[in-house]
Amino acid sequence: MKKLILGNAAVARGLYEAGCAVASSYPGTPSTEITEEAAKFPEIYCEWAPNEKVAMETAFGASLAGRRAFCAMKHVGLNVAADPLFTMSYTGVNAGLVIAVADDPAMHSSQNEQDSRHYARAAKLPMLEPSDSAEALRFTKLAYQLSEEFDTPVLLKMCTRVAHSQSVAELADRQEPEARPYTKNPPKYVMAPANALRRHPVVEQRLLDLAAWAETADLNRVEEGSSRSLGIVASSTCYQYVKEACGDRFPVLKLGMVWPLPERKIRDFAAGVDQLVVVEEGDPFLEGCCRGLGLDVRGKELFPLTGELSQNRIAEKLGLPVPASVKLEEELPNRPPVMCAGCPHRGLFYTLHKLGCTVLGDIGCYTLGAMPPLSAMDMTLCMGASISGLHGFNKALGREAQVKTVAVIGDSTFVHSGMTGLANAAYNQSNSTVIVVDNSITGMTGHQQNPTTGFSLRGEPAGKIDLEALCRAMGVNRVRVVDPYDLKACEAAVKEELAAEELSVIISRRPCALLKYVPRKPALKVDPDKCRGCKACMKIGCPAISMERGKARVDATQCVGCGVCGQLCGFGALEAGKEAE
């Protein structure tokens, strides 16, 4: 049966058809939907892990037990999981193990542009890279075959455009492989130095064997063209762009396995064309490999290192006709990202801005606290860095910094990698104030559950971490909870904890306003007779509030009745709405 299917859903379907038994992941755009879609198949046990390292180790354990396993993450998540990844290359697997990593060229929802192909080369692991949904499904199934045939984890590289676009794929039935028995084998799985020394030559030979396999594999293919003046090497979305821009004008070497590379096939392809060009997003990975083979090749001298490519950009750089662009008659206004109306983080960030605090932030939807008019974040580095960074910041500057500097971290991010930072701060007696913004969900990636919510990926009851008890168990004596909708309480809490001469944690707790089970209050109304047009209510940057004819206006379709703006109005112009009768 053929079906129009999202790239991420196609990977999930591939997991199902290949007989995957266990999937453990951490949500990260653009990879999140893979595990969410896989959870729709009851045959696959699926879970959200606290972070990517734990997810990969869980998947490895399932593979060790003899069942096909999977984990997924975005590109920066692979940094977190790199520790087990490199050593899993040495141990190999028992049952098949596939690791999906989704890159984000142009940083649609990421803090950097990172090329995950380097991990495949550095860890000496095979990497497959699909260019559409059909290949996403097929390559996922192929990855399990390669994993078990060559005794290796296999990386499946997705990217935003493949993950979040739809194309037709051929669906098939699930093939349930027999579970592989677990056999005790310390020389293979216990990576003490003596055993690791013996496993390294195995890894090197495996890479040679995979390279030989890649030479004849149909996922690396040459598509002929009418002119041999130019030959193009491409993979993933760039292959699609090249075909749309060039048609059958030039021959194309389409690579589905981007590591290890079929060197003989590349040499033969280059020998048959007048000029060799590599079209790739990100780093000159394939281009560098071609240069390493002694080939004269063009690549990044034509195409940029940053952002995404497109059909028109490729056509332009290759000297082909570019269709005339169509412009809108009117310029559209900029629409900067903003926290949602009723976001529980808004009141806290307003307070921090009002108090002139230096705020070391973290990764999550609350990172939008850096945007005007709140402008209440000074640093965002990576998951968990807020607490560790605050500790170092305060140790460097002493009491001068401690009285005005805080860390802000979300509940999911705190469990991901903030706990160790807090443990370090407590152990090394940091005089710091940490604020955990607990919105009872993983908001940034689309409302996934996490270990603090009490529910599993499938919405079933699960273990729940008590943040207050956890912080106290780590040695934090001062732990308090505030409602971020109460501006006076927020201000009092921040002032008191900054004044304290010991480590403290403030938990700013209120559920995300977009959660379906969170009741909405009636929208606030503006009394035009009381409104002075002072714009004090605009200071919180709520998208439901605007100015119209010199008076504040509340958009009833967005307002959730949180009442934060009303606390800023000194004239009582913002009134609570009435329940519909």
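No experiment lies behind these values; they were computed from the predicted model shown.
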R206 bridged to D151 by N-O distance under 4.0 Å: no

Polar side-chain atom of S89 near backbone of L125 as donor-acceptor pair, under 3.5 Å: no

Residue D173 excluded, over 12 heavy atoms near CG under 6.0 Å: no

More than 12 heavy atoms from other groups under 6.0 Å of CZ on R174: yes

From CA spacing to verdict: side chain to side chain donor-acceptor pair (under 3.5 Å), D115, H75: CA-CA 8 Å; D115 195 328; H75 60 291; over 6 Å; no

Salt bridge R480-E468, side-chain N to carboxylate O under 4.0 Å: no

Residues that K141 engages under side-chain contact (heavy atoms from CB on, under 4.5 Å), provided they are two or more places apart: E17, A18, L137, A172

Working for side chain to side chain donor-acceptor pair (under 3.5 Å), residues S110 and K74: CA-CA 9 Å; S110 306; K74 67 185 296 177; 2.8 Å; yes

Parallel, tilted or perpendicular: rings of H416 and Y26 (30°, 60°): perpendicular

Pair K254 + E135: basic N to acidic O under 4.0 Å: yes

For L255, the option from L286, V278, L128 that meets side-chain contact (heavy atoms from CB on, under 4.5 Å): L286

Q448 vs T445, side chain to side chain donor-acceptor pair (under 3.5 Å): CA-CA, chis, key distance, verdict: CA-CA 7 Å; Q448 289 78 31; T445 48; 2.4 Å; yes

Under-4.0 Å salt bridge between R68 and E148: yes

Short N-O contact, R472 and D466, less than 4.0 angstrom: no

Pair Y119-N79, side chain to side chain donor-acceptor pair (under 3.5 Å): steps then yes or no: CA-CA 9 Å; Y119 270 108; N79 300 333; 2.6 Å; yes

Heavy-atom neighbours of F86 CZ exceed 12 at 6.0 Å: yes

Result of checking S25, P84, S24, C71 against T58 for side-chain contact (heavy atoms from CB on, under 4.5 Å): S24

Partner of S63 by side-chain contact (heavy atoms from CB on, under 4.5 Å), out of V22, V93, T91: V93

Taking every non-hydrogen atom, the tightest pair across P344 and N439: CG-CB, 4.2 Å

